[in-house]
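This report concerns only the one structure given below.
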Protein chains: 2
Amino acid sequence: MGRRERKKAQTRRALSEAALRLFGEHGYDGVTVAQIADEADVSIATLFAHVPDGKEALIFDDGAERHVWLVAALRDRPSGQPVLEALRRSMAARGPFTDDLPPELRRKRDLIVSTPALREYSRKLWIASEGALAEAIAAESGRDTSDMTVRALARYVLEIPELAGAEPDPLAALNAIFDLLASGWPESPEEA
Amino acid sequence: MGRRERKKAQTRRALSEAALRLFGEHGYDGVTVAQIADEADVSIATLFAHVPDGKEALIFDDGAERHVWLVAALRDRPSGQPVLEALRRSMAARGPFTDDLPPELRRKRDLIVSTPALREYSRKLWIASEGALAEAIAAESGRDTSDMTVRALARYVLEIPELAGAEPDPLAALNAIFDLLASGWPESPEEA
DNA sequence: CTCAGAAACTATAATCACTATAGATTCAGA
DNA sequence: TCTGAATCTATAGTGATTATAGTTTCTGAG
């Protein structure tokens, strides 16, 4: 990796860190992109060159195609394991569902969950993988990609982080939702 | 209804119609709020007084609480009819799923479906009813409102318009998705 | 009928995210 | 060592949205 790329990555990191710190101190809406650019010591134009998606994208890793590991988890699952089970396990290990994180990442996650604009953008990033996930599901389950059921399942799975992420017990919520997707809605609740 | 309210409604209608016409002619991004205000012969400040949610809200009915009829359909369903069946029927009769509409409304629907910003806003309006729908579902099915399953079902149902609305056959898509929600994801597709 | 206050409207100016342009600097590779 | 591309910069927009302060227009009480 040449010096040029290194400097670029450094600038990007400076922007992320400045944004995260300032958002934490004054709230997302209490910070302007100008302040962030200043703090990172770059021009506003440079800031936008690094985050074409805008202010919300500042604290997210770019190019982190979130579907890669999901699709991989699907393809590499133990033979005989149901598709949904593989997705459940894979998802449960991700950020919103474990507290096994450095405090820095935890603060970041809390900021995202509690800020509507950031939460929405996070959802957008997840949903962007819908096509890829749908293809993988179709391939693994012998269905057609154009099957609406496949697309709906992909979408519903990818929305679990937003839906369950803010719950008191996110992991329990995730499991409840996967159960719903796997077994469907029982007209009457099962008595324990 | 006094003259004041009548005039207010008239202004609101003028804004809607101006926006819809201009969006149709030049596309959503090809029209500025200033143009719309001009066309409706009001100031920009007035425009925003009528649509505090912003440009996207211009062509949507405000205060049209979309959950009212859904909740009603749930409460008034024939006894013995499953919750999901009532929701399916009620939803199937709505705008995105029937072509039984005046051409004006159809053009509006097509504009929404084909414009990302409008589509997103439409989804936001649907999702805003999540709490109300979750309460109704909980009440009708003897579950607790805090039950994650109930919240997830409400959310998933409310997202059907966005998910199925752009399909070649929206009604078939809607039915496929309701089947998925009712019966769950079958590990292997049923052979016909 | 009238008058006081609320509601709707207006012009104006500001803020803020974001884009476009053109030029300067810095690095990579031949 | 030179050329071109990538990065960065300043500057000047555009366009949505908000704030302010003042004007007009209804409404309802007295």
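Heavy-atom basis, side chains included; hydrogens, waters and symmetry copies ignored. Naming convention: chains lettered A, B, ... in sequence-line order (proteins, then strands); numbering from 1 in each chain.
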Which sits closer to the 5' end of DNA chain D, Glu5(A) or Arg3(B), going by the nucleotide each is nearest to?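 The residue mapped nearer the 5' terminus is Glu5(A).
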
If you assign each of Lys55(B) and Thr11(A) to its closest nucleotide in DNA chain D, which residue comes earlier from the 5' end?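 Nearest nucleotide further toward 5': that of Thr11(A).
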
Roughly, in whole Å, what's the span from [atom1] in [X] to [atom2] in [N]?
{"X": "Asp41(B)", "N": "dT10(C)", "atom1": "CG", "atom2": "C1'", "result": "12 Å"}
{"X": "Glu56(A)", "N": "dA17(C)", "atom1": "CD", "atom2": "P", "result": "10 Å"}
{"X": "Ile44(A)", "N": "dT15(C)", "atom1": "CD1", "atom2": "C1'", "result": "12 Å"}
{"X": "Met1(A)", "N": "dC27(C)", "atom1": "CE", "atom2": "P", "result": "14 Å"}
{"X": "Gln35(B)", "N": "dT14(D)", "atom1": "CD", "atom2": "P", "result": "13 Å"}
{"X": "Arg6(A)", "N": "dA6(D)", "atom1": "CZ", "atom2": "P", "result": "18 Å"}
{"X": "Tyr121(B)", "N": "dA16(D)", "atom1": "OH", "atom2": "P", "result": "16 Å"}
{"X": "Leu15(B)", "N": "dT10(C)", "atom1": "CG", "atom2": "C1'", "result": "14 Å"}

Using a cut-off of 4.0 Å on non-hydrogen atoms, how would the nucleic acid contact of [X] be classed: base, sugar-phosphate, or nothing?
{"X": "Val51(B)", "answer": "nothing"}
{"X": "Thr46(A)", "answer": "base"}
{"X": "Arg4(B)", "answer": "base"}
{"X": "Ser43(A)", "answer": "base"}

Does [X] put a side-chain nitrogen or oxygen below 4.0 Å from OP1 or OP2 of [N]?
{"X": "Lys8(B)", "N": "dA7(C)", "result": "no"}
{"X": "His50(A)", "N": "dT7(D)", "result": "no"}
{"X": "Lys7(A)", "N": "dC27(C)", "result": "yes"}

I want to verify a distance call: between [options], whose nearest atom is closest to the [X] side chain?
{"X": "Phe48(B)", "options": "dC18(C), dT17(D), dC26(D)", "result": "dT17(D)"}
{"X": "Val42(A)", "options": "dT9(D), dG15(D), dT18(D)", "result": "dT9(D)"}
{"X": "Ala45(A)", "options": "dA19(D), dA17(C), dT9(D)", "result": "dT9(D)"}

Crowded around [X] [atom1]? As in, over 12 foreign heavy atoms under 6.0 Å?
{"X": "Glu104(B)", "atom1": "CD", "answer": "no"}
{"X": "Arg75(B)", "atom1": "CZ", "answer": "no"}
{"X": "Asp110(B)", "atom1": "CG", "answer": "yes"}

- Message: Taking the cut-offs as 6.0 angstrom to the six-membered ring centre and 45 degrees off its axis, would you call Arg119(A) and Trp126(A) a cation-pi pair?
- Response: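 Judged by the rule, Arg119(A) and Trp126(A) form no cation-pi pair.
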
> Just checking, any donor-acceptor pair under 3.5 angstrom between side chains of Thr98(B) and Asp100(B)?
Replying inline: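 Their side chains do not contain a donor-acceptor pair, so the 3.5 Å distance test is not met.
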
